[in-house]
Asker: 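Before anything else, here's the structure in question.
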Amino acid sequence: MLVTEQERLRDDIASWAQDIGSDRSALIPILQEIQGKYGHISDFAMQIVADKLGIHPVEVYSVVSFYSFLEFKPAGRFVIRLCRTIACDMLGKDKVATQLENDLGIEFGETTPDGKFTLEWANCMGMCDQGPALLVNDRVFTRVTPDKVTQILEACRKAFGIYALGSIGEGHL
Amino acid sequence: MISSHTEPLTFSTIAPNAGLKAALSMKRSDLIAEITNSQLKGRGGAGFPTGVKWNLAAAAQADRKFVVCNADEGEPGTFKDRVILTEHADLVFEGMTIGGYAIGAKEGIVYLRAEYTYLRKHLEQVLADRRAKGLLGKNVCGHDGFDFDIHIHMGAGAYICGEETALIESLEGHRGEPRNRPPFPVDTGFLGRPTIVNNVETFAWVTAILVKGSQWFKSHGTARSTGFKIFSVSGDCDKPGIYEFPMGITVSTLLEAVGGLGAKAVQIGGASGHCVPAAEFERTIAYEDVATGGSIMVFGPDRDMLRVAHNFLEFFVEESCGQCTPCRDGNPKILECIEMLDHGVCSSKYLQEICELGETMQVSSKCGLGQSSPNAFLSIVKHFRNELMGRGL
């Protein structure tokens, strides 16, 4: 990690601690900010957070390892989480999963070499009546079919940010 | 945007802030008595009487108290809280404010699951509007000395955090591992202060009860399960989605309404609930018979029940927090047994042993997750034994 990058991380964490607080209950919100901006929580980040909150880095590690939305490994710019629970399973999540793997050339739990996409499983995401469902970062897509997978990935590749995704397969809340 | 199949929902007939104004005009003890009289029970699934919970928290002495809304809706097949938060967020925040007044709390927290991050913007907007209207903040609704505000705390992806003590651990910045009880959260909750943790739907019903009265609520449902319930219906039926029914409805009546007649089984209560076979469709959905937090999953005649059990156990193996042995080690043993059944290499004797292990988990696990995770497997084995056994490779 470059020194400038370390400085940036240190400054960011200081400013989040300023906004959110530096007691123990601020730990997860601060980690979520780091995850959101940097795509993962590095050893260095955990050390800085631990110093800031006055706890042992192992405490921070134990929390990061517990929650599935906090990651040690750098994730892609678009994290795709496909629901694998029974309702989506019955509606054909296996075909969607296969198509995602084929189109991205990676398996679940992996990130594409260009750092754009990470493929993950998710447990029930509350879209059981409109499955198969998947999340792309914070956005939900419902009634996903194998051909829609191609469209979603294409829209991600073209997009500057997740909110530029247009209306392709937009989720119905 | 999804609406319910049973129109109109009671929630859409409730006048805004009528419940809150009614509550603020009452003495705290009368307010709690009204909730107690309605016999409202927790709508998240556990079914603890809301009035009793609030009464205990109100009686506790402390410098700070907290009202926590459990929006960590993670039970497979449940999505009613998502719909309530999308369409009736005001009712939920109103219910939380009423709770704050009842127990003497100034701070409310919504624990929103990470998978629902896309709802946050909408909820923050509703909260901002309520602050602007004086419905949150200092002297709520002009009621002198009653200050109350709500903030949203995001979850980070853990099913177990729907368990109230695990949720509190998570709020405090720890791993979401359930606590030993007692002490109970009403006495020693968030930051060691008295805390009520209620489900999204429970808060919305509190508001409805204050508008329409506890007698109205009690006149629906059964003697031990009063009022209405929102159901999330999915699986093999014509009209999956959100439904409102009185408690005590039979499974067959519900199936008729959702277009699921001819089903071979219905999973009631999500992965941690029970599998009800066609022969028992006259059973009622109520706390005294088959309880549910709202999840109804319909399995058509062609569904492989072993695949269903496999999916549920994969879920529990992943979501067990790993703190206590029965749950951490028991769930993988059940999953292994399901895989043996699938490969046709499980003896009757071994299946019997695994069922006994499941029963041991039900009594020896620390929290509701491990106590209920064997339910689906055990009920599928009980009712579909012939379908599971004697499979070829």
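Letters go in sequence order (proteins before strands), and every chain restarts at 1.
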Asker: Decide if atom NZ of A:K73 counts as having more than 12 heavy atoms of other residues, nucleotides or ligands within a radius under 6.0 Å.
Answerer: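 Not buried by this count: 12 neighbours or fewer within 6.0 Å.
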
Asker: Crowded around A:Q18 CD? As in, over 12 foreign heavy atoms under 6.0 Å?
Answerer: no

Asker: Has the side chain of A:S25 got a donor or acceptor atom that lies under 3.5 Å from a matching backbone atom of B:G173?
Answerer: no

Asker: Considering non-hydrogen atoms only, spot the tightest contact between A:M90 and B:D236 and give its length.
Answerer: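 Here A:M90 and B:D236 meet closest at SD-OD2, 4.1 Å.
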
Asker: Output the option from B:G270, B:G77, B:C237, B:G322 having the highest count of non-hydrogen pairs under 4.5 Å with chain A.
Answerer: B:G77

Asker: Measure the CZ-OH distance between A:R139 and B:Y118 for me, rounded to the nearest 0.5 Å.
Answerer: 11.5 Å

Asker: Just by distance, do the side chain of A:Q32 and the backbone of B:G155 share a donor-acceptor pair under 3.5 Å?
Answerer: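 Side chain of A:Q32 to backbone of B:G155, a donor-acceptor pair under 3.5 Å: yes, one is there.
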
Asker: Name the region of B:E75, side chain, backbone, both or neither, that has any atom closer than 4.5 Å to a heavy atom of chain A.
Answerer: backbone

Asker: For a 4.5 angstrom cut-off between non-hydrogen side-chain atoms, does B:E115 reach A:F69?
Answerer: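 Yes, at least one pair of side-chain atoms sits under 4.5 Å.
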
Asker: Provide the closest heavy-atom pair for B:G157 versus A:S68 in the form atom of the first, atom of the second, distance.
Answerer: O-OG, 2.9 Å

Asker: Looking only at non-hydrogen atoms, find the nearest pair between B:H174 and A:R24 and report the distance.
Answerer: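 Taking every non-hydrogen atom into account, ND1-NH2, 3.4 Å.
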
Asker: Please report the shortest heavy-atom distance between A:Y67 and B:A158, naming the atom on each side.
Answerer: CD2-CB, 3.9 Å

Asker: Quick one: SG on A:C88 to CG on B:N311, what's the gap to the nearest 0.5 Å?
Answerer: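 Result: 9.5 Å between the selected atoms.
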
Asker: CD1 of B:I242 to CG of A:D129: how many Å apart, nearest 0.5 Å?
Answerer: 7.0 Å

Asker: Go through B:Y159, B:Y116, B:F312 and name the one with the most non-hydrogen pairs under 4.5 angstrom from chain A.
Answerer: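 Among the listed options, the one with the most contacts to chain A is B:Y116.
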
Asker: Mark yes when over 12 heavy atoms from residues, nucleotides or ligands other than A:K93 sit less than 6.0 Å from its NZ; otherwise mark no.
Answerer: yes

Asker: Charged N to carboxylate O under 4.0 angstrom, B:R120 versus A:D138?
Answerer: no

Asker: Do B:R175 side-chain atoms and A:S62 backbone N/O form a donor-acceptor pair below 3.5 Å?
Answerer: yes

Asker: Which residue out of A:T85, A:L27, A:L70, A:L91 racks up the most heavy-atom pairs below 4.5 Å with chain B?
Answerer: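 Highest number of pairs under 4.5 Å: A:T85.
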
Asker: Give the member of A:R81, A:Q35, A:R84 that has the highest number of heavy-atom pairs under 4.5 Å with chain B.
Answerer: A:R84

Asker: So B:F315 and A:I86, side-chain contact (heavy atoms from CB on, under 4.5 Å) or not? Walk me through it.
Answerer: CA-CA 9 Å; B:F315 174 81; A:I86 189 71; over 6 Å; no

Asker: Between B:S170, B:G74, B:A271, B:C161, which has the largest tally of heavy atom pairs under 4.5 Å with chain A?
Answerer: B:S170

Asker: Could you tell me which of B:L171, B:L191, B:D81, B:T78 has the largest number of non-hydrogen atom pairs under 4.5 Å with chain A?
Answerer: B:L171

Asker: How about B:K264: does its NZ atom have over 12 heavy atoms from other parts shown lying under 6.0 Å from it?
Answerer: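 Enclosed.
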
Asker: Evaluate whether atom NZ of A:K116 has more than 12 neighbouring non-hydrogen atoms of other residues, nucleotides or ligands under 6.0 angstrom away.
Answerer: yes

Asker: Which value, rounded to the nearest 0.5 Å, describes the distance between B:S234 atom OG and A:Q130 atom CD?
Answerer: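 Nearest 0.5 Å value for the OG-CD distance: 11.0 Å.
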
Asker: Quick check for you: among B:M297, B:H153, B:E73, which has the greatest number of heavy-atom pairs under 4.5 Å with chain A?
Answerer: B:H153

Asker: Output the option from B:M154, B:R307, B:E177, B:K239 having the highest count of non-hydrogen pairs under 4.5 Å with chain A.
Answerer: B:R307

Asker: Given a strict heavy-atom distance threshold of 4.5 Å, which part of A:L135 is in contact with chain B: side chain, backbone, both, or neither?
Answerer: side chain

Asker: Among A:I28, A:D23, A:I55, who wins on heavy-atom pairs under 4.5 Å with chain B?
Answerer: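 Maximum pair count with chain B is reached by A:I28.
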
Asker: Roughly how far apart are A:F66 CZ and B:I160 CD1, rounded to 0.5 Å?
Answerer: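 Taking CZ in A:F66 and CD1 in B:I160, the distance rounds to 7.0 Å.
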
Asker: Counting only heavy atoms from other residues, nucleotides and ligands, does the tally under 6.0 Å from CZ of A:F108 exceed 12?
Answerer: yes

